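Residues take their numbers from the sequence shown, with the count starting at 1. Note that the structure is predicted; figures quoted are calculated from it, not measured.
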Amino acid sequence: MTPTHDKILVRLLQEEDLEVADRIVRLAFGSFLGLPEPEKFMGDAGYVRSRWRTDPSAAFVAEVDSAVAGSNFATTWGSVGFFGPLTIRPDLWDRGVGKRLMEPIVELFQKRNIRHAGLFTFAQSQKHVGLYQRFGFWPRFLTAILSKPVQRQPSGAIQWSRFSDVAAAQKANLDACRALTNEIYEGLDPTQEVRAVFDQKLGETVLLWDDSRLVAFAICHFGAGTEAGSGTCYIKFGAARPDPRVEQTFDRLLTACEAMAADQGLTRIVGGVNTARHEAYRKMLACGFRTDLQGIAMQRPNDPGYNRPGVYLIDDWR
């Protein structure tokens with residue numbers, strides 16, 4: 001029997017839900033993509049546990065007949081928010097669960113005064129695009145997920161450091177990261193991700209300096225259980241200060257991330273970029289990155305936000 005909305009219970013995700021929620025994420029994506037073994041989607045990488053630990057008040061599950069049917073996660077970076085992955089057990093697709101899992105996300109964005117919200121979804125799926133349009137999200141530019149093999153590159157005169165290097169400077173470094181992103185888009189603040197990577201030991205944040213001035217940083221995952229998985233450096237967020245030298249700074253940031261990945265013995269580096277930031281996209285291609293996957297960014301309201309020319313920033317809203 002097809003469940004109606006009043007039979008779908010949506011609540012906060014609890015620690016005891018983590019295992020089943022993770023299994024549903026893999027099964028849902030793997031089934032949609034037609035993988036022969038859907039539950040092996042993402043290998044030893046994962047979203048569920050780290051995103052719940054980063055912000056338990058922004059992770060939701062839906063229950064049907066007292067069993068977890070799906071989950072959804074919101075991420076808020078100051079004035080900017082995005083959500084996902086929204087995943088549902090394949091046997092419950094097209095039964096209203098996705099709509100119910102969107103409702104607390106929209107409410108949370110309103111409570112947190114999010115000025116600009118978005119998501120990454122499959123460009124070819126009208127079902128996905130249509131669902132999110134019902135909540136005011138509109139498709140704009142493609143987002144490319146790019147990768148390249150890690151090759152040791154001499155850092156030369158590049159002055160960079162790891163966030164974890166100096167405990168005494170962490171507050172000052174977080175403030176510097178926040179000030180940098182505020183120059184790109186008012187209120188943009190991804191420093192919660194910096195703290196999560198440090199506290200949960202998910203990877204490292206690369207800090208790039210001109211003397212004592214922070215000019216770029218990149219929040220990187222690597223290792224089993226992270227959003228990267230074994231052998232991969234995933235740049236979840238990276239940004240260069242918007243000044244006349246921003247292109248050169250961005251190039252240096254990519255070099256520093258690759259040097260850090262090489263130091264960790266990683267073999268692959270991955271990063272996403274919205275193609276509306278066409279200079280950043282072209283620079284990544286020029287540095288040897290190639291597209292593995294592309295999806296569509298949907299945004300609310302239907303304006304560019306920070307996905308616009310002149311912004312040298314890496315993220316993908318997955």
Taking NZ, NE, NH1 and NH2 as the nitrogens, is one of them in Arg115 or Asp303 under 4.0 Å from a carboxylate oxygen of the other?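 Looking at Asp303 together with Arg115, the answer is no, because their closest N to O distance does not fall below 4.0 Å.
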salt_bridge(Lys148, Glu258) N-O dist < 4.0 Å: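 Glu258 and Lys148: salt-bridged.
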If we only count heavy atoms from C-beta on, is the [X] to [Y] side-chain gap below 4.5 Å?
X	Y	result
Ile314	Leu254	yes
Asn307	Phe141	no
Lys40	Leu35	no
Cys233	Val150	no

Does the [X] side chain pair with the main chain of [Y], one donor and one acceptor, at a distance under 3.5 Å?
X	Y	answer
Asp315	Trp317	no
Trp160	Leu253	no
Arg268	Ser147	no
Thr226	Gly223	yes

Residue pairs passing the ring-ring contact (aromatic ring centres under 6.0 Å, His included) test where at least one lies in [range], sequence neighbours excluded:
range	result
residues 222-251	Trp77-Phe237, Phe217-Phe237, Phe250-Tyr312
residues 35-74	Phe29-Phe41
residues 96-116	none

Leu86 and Ile105: CA distance, side-chain angles, deciding distance, side chain to side chain contact (heavy atoms under 4.5 Å, CB included) verdict: CA-CA 10 Å; Leu86 190 167; Ile105 299 294; over 6 Å; no
Review item, side-chain donor-acceptor pairs of residues 174-186, under 3.5 Å, at least two apart:
{"unit_1": "Asp175", "atom_1": "OD1", "unit_2": "Arg178", "atom_2": "NH1", "d": "2.8"}
{"unit_1": "Asp175", "atom_1": "OD2", "unit_2": "Lys171", "atom_2": "NZ", "d": "3.1"}
{"unit_1": "Arg178", "atom_1": "NE", "unit_2": "Asp189", "atom_2": "OD2", "d": "3.0"}
{"unit_1": "Arg178", "atom_1": "NH2", "unit_2": "Thr191", "atom_2": "OG1", "d": "3.3"}
{"unit_1": "Thr181", "atom_1": "OG1", "unit_2": "Cys177", "atom_2": "O", "d": "3.3"}
{"unit_1": "Thr181", "atom_1": "OG1", "unit_2": "Arg178", "atom_2": "O", "d": "3.2"}
{"unit_1": "Thr181", "atom_1": "OG1", "unit_2": "Leu188", "atom_2": "O", "d": "2.7"}
{"unit_1": "Asn182", "atom_1": "OD1", "unit_2": "Gly187", "atom_2": "N", "d": "2.7"}
{"unit_1": "Glu183", "atom_1": "OE2", "unit_2": "Arg241", "atom_2": "NH1", "d": "2.4"}

So with a 6.0 Å cut-off around CZ of Arg245, is the heavy-atom count from everything else above 12?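 For Arg245, atom CZ is not crowded (no more than 12 foreign heavy atoms under 6.0 Å).
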Is it true that, when you exclude Phe32 itself, more than 12 heavy atoms of the residues, nucleotides or ligands shown sit nearer than 6.0 Å to its CZ?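 Yes.
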Report the C-alpha distance between Phe83 and Met102 in whole Å, list the side-chain angles of each, state the deciding distance to 0.1 Å, and finish with yes or no for side chain to side chain contact (heavy atoms under 4.5 Å, CB included). CA-CA 9 Å; Phe83 68 86; Met102 281 299 303; 3.4 Å; yes
Validation: residues 279-291 side-chain donor-acceptor distances under 3.5 Å, sequence neighbours left out:
{"unit_1": "Glu279", "atom_1": "OE1", "unit_2": "Gly310", "atom_2": "N", "d": "2.8"}
{"unit_1": "Glu279", "atom_1": "OE2", "unit_2": "Gly310", "atom_2": "N", "d": "3.3"}
{"unit_1": "Arg290", "atom_1": "NH1", "unit_2": "Leu285", "atom_2": "O", "d": "3.0"}

Within residues 196-207 or reaching into it, pairs that qualify as salt bridge (Lys or Arg N to Asp or Glu O under 4.0 Å) - sequence neighbours excluded: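 Of all non-adjacent pairs touching residues 196-207, those that pass salt bridge (Lys or Arg N to Asp or Glu O under 4.0 Å) are Arg195-Asp199.
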Just grab all the salt bridge (Lys or Arg N to Asp or Glu O under 4.0 Å) pairs involving residues 58-74, residues at least two apart or on different chains.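 Qualifying pairs: Arg11-Glu63.
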Taking salt bridge (charged side-chain N to carboxylate O under 4.0 Å, His left out) as the definition, give me every residue that meets it alongside [X], ordered by chain and number, with sequence neighbours left out.
X	result
Arg23	none
Asp91	Arg89
Glu19	none

How many angstroms lie between [atom1] in [X] and [atom2] in [Y], if you round to the nearest 0.5 Å?
X	Y	atom1	atom2	answer
Gln294	Asn274	CD	CG	11.5 Å
Glu227	Lys236	CD	NZ	3.5 Å
Thr232	Ile269	OG1	CD1	10.0 Å
Thr76	Gln192	OG1	CD	5.5 Å

For [X] and [Y], does a side-chain donor sit closer than 3.5 Å to a side-chain acceptor?
X	Y	result
Glu193	Thr75	no
Ser57	Arg112	yes
Ser230	Asp44	yes

Taking Val194 as the fixed residue, which of Asn173, Thr205, Leu207 is the one that meets the side-chain contact (heavy atoms from CB on, under 4.5 Å) rule?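 By the side-chain contact (heavy atoms from CB on, under 4.5 Å) criterion, Val194 pairs with just one of Asn173, Thr205, Leu207: Thr205.
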Show me the side-chain donor-acceptor pairs of residues 118-131 shorter than 3.5 Å, one per line, residues at least two apart or across chains.
{"unit_1": "Ser125", "atom_1": "OG", "unit_2": "His128", "atom_2": "N", "d": "3.3"}
{"unit_1": "Ser125", "atom_1": "OG", "unit_2": "His128", "atom_2": "ND1", "d": "2.5"}

Under the side-chain hydrogen bond (donor to acceptor under 3.5 Å, both in side chains) rule, what pairs show up with a residue in residues 212-225, not counting sequence neighbours?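 Matches after skipping sequence neighbours: none remain.
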What verdict does the side chain to side chain contact (heavy atoms under 4.5 Å, CB included) test give for Ser71 and Val25, after you've listed the backbone C-alpha separation in whole Å, the side-chain angles of each residue and the deciding distance to 0.1 Å? CA-CA 8 Å; Ser71 61; Val25 168; 4.3 Å; yes
